[in-house]
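Input: a single structure, listed below in structure tokens.
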There are 2 protein chains.
Amino acid sequence: MSERQPARRTTRQQVAVAEQLRDQTDFVSAQELHSSLKDSGESVGLATVYRILQNMASDGEVDVLRAPDGEAIYRRCSTGHHHHLVCRSCGRAVEVEGPQVERWAAAISAEHGFTDVEHTVEIFGTCADCSAKHS
Amino acid sequence: MSERQPARRTTRQQVAVAEQLRDQTDFVSAQELHSSLKDSGESVGLATVYRILQNMASDGEVDVLRAPDGEAIYRRCSTGHHHHLVCRSCGRAVEVEGPQVERWAAAISAEHGFTDVEHTVEIFGTCADCSAKHS
DNA sequence: CTTTGTGCAAAGGCTTTGCATGCTT
DNA sequence: AAGCATGCAAAGCCTTTGCACAAAG
């Protein structure tokens, strides 16, 4: 009884957002997603985009992280726990895993008496393509 | 000629902010810092607090990270590279190190052709004191 | 038919910016 | 005296919220 069954209704807007995310391999902000949808002819209100993304996030269907400027960016998340390597120039994201990091985080937390922990690992850099362009 | 010498002028406000940070062991937001300063009788304009914090951050004198809600939080940073374990309830922060994580990040980045990388590792959890209170 | 989701616009919170003044150098 | 730093207030941006209407079950 701690498991909540949100029982959300299926709407055109939710489907549109989900599909738009399915086509995206990189992180996108709510605003970008909103624009893309408008361009696709599947217009959805901005507030609704935010609400849908929030729902998807709390249902664990998307990853949310914060860009350095504080904007929230979202991405359809594959199953399992992982982290991201994001190009700060073009936004390209690579999913990476690191068992060692998981273990380290768990150990450190336990050592300091922290419980109910969550960790975020974000690596921002310049990808090969972009550093080539800047030659 | 790539090294910039900012040559900032020394002002009462900058000293006040620096000292306030020196007394803080936890991460604080610009707004909190602004309040603390007002309480200390060393009033500093909010915009100025933001400007000083930005300068200190780009000079590498403080760590900046984003709270889950997107607010920027700052902390005087000790020398060397490290990460933080932050209590999501009381804000208490513990500085931690993890050579393994550094190595992992470097390896992953290289493997994917990323250069000029920076990584952020944030562990949010509930510290022992806070979980005791919630009994 | 009832309830939940959506749209629009307004409000909210954090941060930045413009401009005149004060203070450091 | 010259120029950067500060303060205040206004503007900007992203995000959330209120309320009436539309749609799902």
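Throughout, protein chains are lettered first and strands after them, A, B, ... in sequence-line order, and every chain is numbered starting at 1.
- In this structure, the nucleotide among D:dA24, C:dG7, D:dT6 sitting nearest to the side chain of A:T11 is D:dA24.
- Classification of the B:H119-B:H83 ring pair by plane angle, with boundaries at 30° and 60°, yields tilted.
- Between the C1' atom of C:dG13 and the CG atom of B:L46 lies a distance of 11 Å, rounded to the nearest Å.
- At a threshold of 4.0 angstrom between heavy atoms, the contacts of B:Q31 include nucleobase atoms, whether or not backbone atoms are also involved.
- For the pair B:H34 NE2 and C:dC14 P, the computed distance is 13 Å after rounding to whole Å.
- For the pair A:N55 CG and D:dT17 C1', the interatomic distance rounds to 15 Å; values are reported in whole Å.
- C:dC14 atom C1' lies 11 Å from atom CZ of A:R66, rounded to whole Å.
- Map B:T10 and B:A47 each onto its nearest nucleotide of DNA chain C; the residue landing nearer the 5' end is B:A47.
- A:L85 has its side chain within reach of B:F114: a pair of non-hydrogen atoms, C-beta onward, lies under 4.5 Å apart.
- Residue B:R8 places no side-chain N or O under 4.0 Å from the OP1 or OP2 atom of D:dG3.
- Applying the 4.0 Å criterion to OP1 and OP2 of D:dA5, one finds that B:Q13 has every side-chain N and O outside that range.
- You'll find a donor-acceptor pair under 3.5 Å spanning the side chain of A:R51 and the base of C:dG7, going by distance alone.
- When the C1' atom of C:dC23 is taken as reference, atom CD of B:Q14 falls 12 Å away, rounded to whole Å.
- With a 6.0 Å radius and a threshold of 12 heavy atoms from other residues, nucleotides or ligands, B:E97 has its CD atom at or below the threshold.
- Within the 4.0 angstrom heavy-atom criterion, no nucleotide atom of any strand lies near B:S29.
- Look at A:Q54 and you'll find a side-chain N or O under 4.0 angstrom from OP1 or OP2 of D:dT16.
- No donor-acceptor pair closer than 3.5 Å links the side chain of A:Q13 to the backbone N or O of A:I52.
- Side-chain atoms of A:R9 and base atoms of C:dT3 include a donor and an acceptor less than 3.5 Å apart.
- Heavy-atom nearest nucleotides on DNA chain C were determined for A:I52 and for B:G70, and the one closer to the 5' end corresponds to A:I52.
- If you measure from atom CG of A:D69 to atom P of C:dC14, you get 17 Å, rounded to the nearest angstrom.
- In this structure, the CD atom of A:E42 is 11 Å from the P atom of C:dG7, given to the nearest Å.
- For B:Y50, a side-chain nitrogen or oxygen approaches OP1 or OP2 of C:dT15 to under 4.0 Å.
- Under the 4.0 Å criterion applied to side-chain N and carboxylate O atoms, A:R76 and A:D63 are not assigned as salt-bridge partners.
- Annotation: of the two residues near DNA chain D, A:E71 and B:V49, the 5′-most nearest-nucleotide partner is B:V49.
- Rounded to whole Å, the distance from CG on A:L53 to P on C:dT6 is 11 Å.
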